[in-house]
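The analysis underlying the following values was restricted to heavy atoms, covering all of them including side chains, and did not include hydrogens, waters or symmetry mates.
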Amino acid sequence: MQVAIVVPRLASFFTLNLPPSIFMPNDSRTRIAIARALVKNPKILLLDEATSALDSDSERVVQDALDKLMEDHNRTTVVIAHRLSTIRNADRIAFIAGGRLREIGSHDELMAKPNGRYRRLVESQRRQNTVDVDAIKRDNAHKIEEEDEEFDFEKEAGELASKAFNKKDARNFAAPELKFFILGGIGAIFAGGVFPAWGIIFAKMIGLLFYPVLPCENDVTASYYGFSTCDEYYSYIADDMQDMSFRIALYWLGIIIACFVGNTLIFYGFGYATESINKRIRDKAFSSLMRQEVAFFDKRSVGSITSQLQDDAAFISAFSGEPVRTLVMTLASVVTGIIISMIFMWPFALLSLGVIPFMGFASAIEMKRFLGEDEGAGDSEDGRDSPSGIIVETLLNIRTVSALTLEEQRFQDYERALAKSEGNLVKESLISGSLAGLGIGIQQWVNAVQFYWGGWLMYTYPNAFDFESFLISMFSLLFSLFAIGAAAQGATDKPKAEAAAGRLFYLMNRKSEIDPLNPDGKKLS
């Protein structure tokens with residue numbers, strides 16, 4: 001059956017005719033509806049503007065199939081149409097005007113009337129066709145028949161969008177906000193340097209809490225400590241601890257000021273830059289959208305178009321300043337932490353640098369477990385083939401499902417999708433538990449090695465390294481690594497951001513076939 005041939009990418013006529021919220025071209029919906037009606041082989045077939053939603057090429061293919069079906073005279077077909085090309089071969093044509101039957105007969109009989117209503121209408125439609133549509137149909141008919149089933153507009157749009165992203169174009173687009181990125185980068189340096197400074201103060205606080213106070217029983221013992229009396233010794237210790245606490249408080253005040261200034265510059269610089277980029281992207285994308293021809297909107301769903309103006313623009317806004325902030329903040333923290341650790345206990349710093357890859361591997365495992373990425377969630381299908389997609393699709397089309405008695409088939413589809421999404425729970429649990437234990441075990445072994453190495457250095461070289469040097473070297477480097485996690489908060493997925501940028505740049509750079517806002521062209525005087 002020729003009507004069935006022009007229905008694209010369908011396994012059978014039982015494909016659900018989806019609601020407008022789920023993308024399917026209008027011509028495909030019309031073809032599915034016509035094919036369903038013809039499959040039932042009815043005695044009476046009513047076609048009310050059956051091809052009104054089709055373009056001229058698709059209308060020709062479908063109309064040829066309908067004409068062949070009507071020629072066998074096995075059924076009565078009633079056609080209601082304003083396009084006279086669809087009723088030319090009818091046995092009887094009834095011309096109705098003002099609620100009354102004005103003329104009736106075949107096409108040739110009605111055209112034979114010199115001043116007939118039907119004839120005038122046919123001639124009027126012929127005068128309106130200023131382009132030889134028949135010639136265009138003959139030239140393109142074979143292309144439509146070959147491509148109609150295979151062409152996927154959504155796939156084509158996705159491929160074009162993926163090729164549209166260019167890092168150089170993205171940098172040029174963000175160039176006007178360069179000074180604000182520099183300002184935000186300065187703030188990221190301040191904010192990143194806070195973490196190793198925090199490690200120094202933390203080490204000094206531990207030294208203050210464990211300040212050694214030796215026993216003093218008499219003046220002889222006090223003289224051994226370099227004081228006349230024990231009271232003088234204890235007074236000195238108390239004053240020294242008080243001075244240390246005051247200095248630590250001043251250090252904390254400096255960290256507070258640096259943190260405040262740094263984060264203020266970060267939020268101001270990157271915030272202003274990203275919001276400016278976001279506004280320009282939305283303005284250019286909307287302006288480009290208004291210039292596109294009608295065929296552009298026929299190939300895309302409403303949801304995909306609106307998401308480009310809302311979700312994709314927000315994605316790009318978040319991704320525009322986030323990589324710079326993360327890079328500068330991480331480098332400032334790690335480099336400062338390494339330098340401080342090298343100054344106070346360089347052998348310990350070298351060991352710590354050597355075990356950083358192991359700590360990173362363990363932290364990555366723990367982060368995946370925390371985010372649930374090790375549970376196989378990334379392998380589950382989204383969309384119409386997922387369990388939720390099958391349920392939504394079935395409920396939205398429950399009348400069609402009931403009319404075609406597809407309840408059992410849809411239930412089986414749901415069971416298969418559910419079994420596929422669950423996977424092997426026992427295997428995934430064993431892998432998840434083993435990786436979690438491995439991550440924690442690596443971290444504990446690394447900590448044990450660091451404490452052993454630091455204790456050996458202090459015991460072997462007491463004149464070169466003391467307990468405070470060990471603490472500063474360890475905590476400054478350890479806390480500097482915390483900046484990586486702090487800088488990554490709210491980080492945007494790079495592949496998703498690049499995909500969103502590709503869709504937006506494709507839309508902004510796309511040249512419309514028929515630009516309604518273009519002042520060029522021929523003007524009638």
Trainee: With a 4.5 Å heavy-atom cut-off, do Leu418 and Glu415 have their side chains touching?
Mentor: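 No, too far: nothing below the 4.5 Å cut-off.
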Trainee: Can you name the nearest heavy-atom pair linking Ile93 to Ser106, along with the distance?
Mentor: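 Taking Ile93 first and Ser106 second, the nearest heavy atoms are CD1-C, 4.3 Å.
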Trainee: Measure the shortest side-chain to side-chain distance between Val401 and Glu407 over non-hydrogen atoms and say whether it is less than 4.5 angstrom.
Mentor: yes
Trainee: Main chain of Gly271, side chain of Thr274: is a donor-acceptor contact present, judged purely on distance under 3.5 Å?
Mentor: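 Yes; at least one donor-acceptor contact below 3.5 Å.
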Trainee: For Arg92, what residues pass the salt bridge (charged side-chain N to carboxylate O under 4.0 Å, His left out) criterion, not counting sequence neighbours?
Mentor: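 Listed in chain order: nothing, the list is empty.
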Trainee: Assess whether side-chain contact (heavy atoms from CB on, under 4.5 Å) is satisfied between Asn115 and Arg120, documenting all intermediate values.
Mentor: CA-CA 7 Å; Asn115 197 28; Arg120 295 201 306 269; 3.3 Å; yes
Trainee: Can you tell me how far the CZ atom of Phe95 sits from the CG atom of Leu101, to the nearest 0.5 Å?
Mentor: 10.5 Å
Trainee: Go through Phe180 and Phe270 one step at a time and tell me if the side-chain contact (heavy atoms from CB on, under 4.5 Å) criterion holds.
Mentor: CA-CA 6 Å; Phe180 293 100; Phe270 292 125; over 6 Å; no
Trainee: Might you point out which heavy atoms bring Ala332 and Ala188 nearest each other, and give the distance in Å?
Mentor: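 Where Ala332 meets Ala188 most closely, the heavy atoms are CB-O, 4.5 Å.
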Trainee: Could you list the residues that satisfy ring pair (Phe, Tyr, Trp, His ring centres under 6.0 Å) with Phe190, not counting sequence neighbours?
Mentor: none
Trainee: Crowded around Phe286 CZ? As in, over 12 foreign heavy atoms under 6.0 Å?
Mentor: no
Trainee: Please determine whether side-chain contact (heavy atoms from CB on, under 4.5 Å) holds for the pair Leu396 and Glu393, giving the CA-CA distance in whole Å, both sets of side-chain angles, and the decisive distance to 0.1 Å.
Mentor: CA-CA 5 Å; Leu396 290 176; Glu393 183 183 20; over 6 Å; no
Trainee: Minimum heavy-atom separation for Ala191 and Ile266, please, with both atom names.
Mentor: CB-CD1, 3.8 Å
Trainee: Under the salt bridge (charged side-chain N to carboxylate O under 4.0 Å, His left out) rule, what pairs show up with a residue in residues 276-285, not counting sequence neighbours?
Mentor: Glu177-Arg280, Lys279-Asp283
Trainee: Rounded to the nearest 0.5 Å, how far does OG1 of Thr76 lie from CG of Leu46?
Mentor: 11.5 Å
Trainee: With distance as the sole test, does Ser402 use its side chain to make a donor-acceptor pair with the main-chain N or O of Ile398 at under 3.5 Å?
Mentor: no
Trainee: Around atom NZ of Lys179, are there more than 12 heavy atoms from other residues, nucleotides or ligands closer than 6.0 Å?
Mentor: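 Atom NZ in Lys179 is not crowded, with 12 or fewer foreign heavy atoms closer than 6.0 Å.
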Trainee: Using the side-chain contact (heavy atoms from CB on, under 4.5 Å) rule, take Met329 and Phe195 through it: C-alpha gap first, then chi angles, then the decisive distance, then the call.
Mentor: CA-CA 10 Å; Met329 189 172 178; Phe195 291 92; 3.7 Å; yes
Trainee: Among all residues two or more places apart in sequence or in another chain, which pass the salt bridge (charged side-chain N to carboxylate O under 4.0 Å, His left out) test with Arg117?
Mentor: none
Trainee: Determine the minimum heavy-atom distance between Ile391 and Tyr414, stating which atoms define it.
Mentor: CD1-CE1, 3.3 Å
Trainee: Using every non-hydrogen atom in the two residues, find where Phe181 and Ile277 come nearest and quote the distance to one decimal.
Mentor: CZ-CD1, 4.0 Å
Trainee: Using 0.5 Å steps for rounding, measure from the CZ atom of Arg399 to the CG atom of Leu404.
Mentor: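 Taking CZ in Arg399 and CG in Leu404, the distance rounds to 14.0 Å.
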Trainee: Under the ring pair (Phe, Tyr, Trp, His ring centres under 6.0 Å) test, which residues partner Tyr118, sequence neighbours left out?
Mentor: His107
Trainee: Give every residue pair that meets the salt bridge (charged side-chain N to carboxylate O under 4.0 Å, His left out) criterion with at least one member in residues 99-108, sequence neighbours excluded.
Mentor: none
Trainee: Do the side chain of Gln409 and the main chain of Leu406 share a donor and acceptor less than 3.5 angstrom apart?
Mentor: no
Trainee: Kindly give the heavy-atom pair with the smallest separation between Thr394 and Ile390, and that separation in Å.
Mentor: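 In terms of heavy atoms, the two residues are closest at OG1-O, 2.7 Å.
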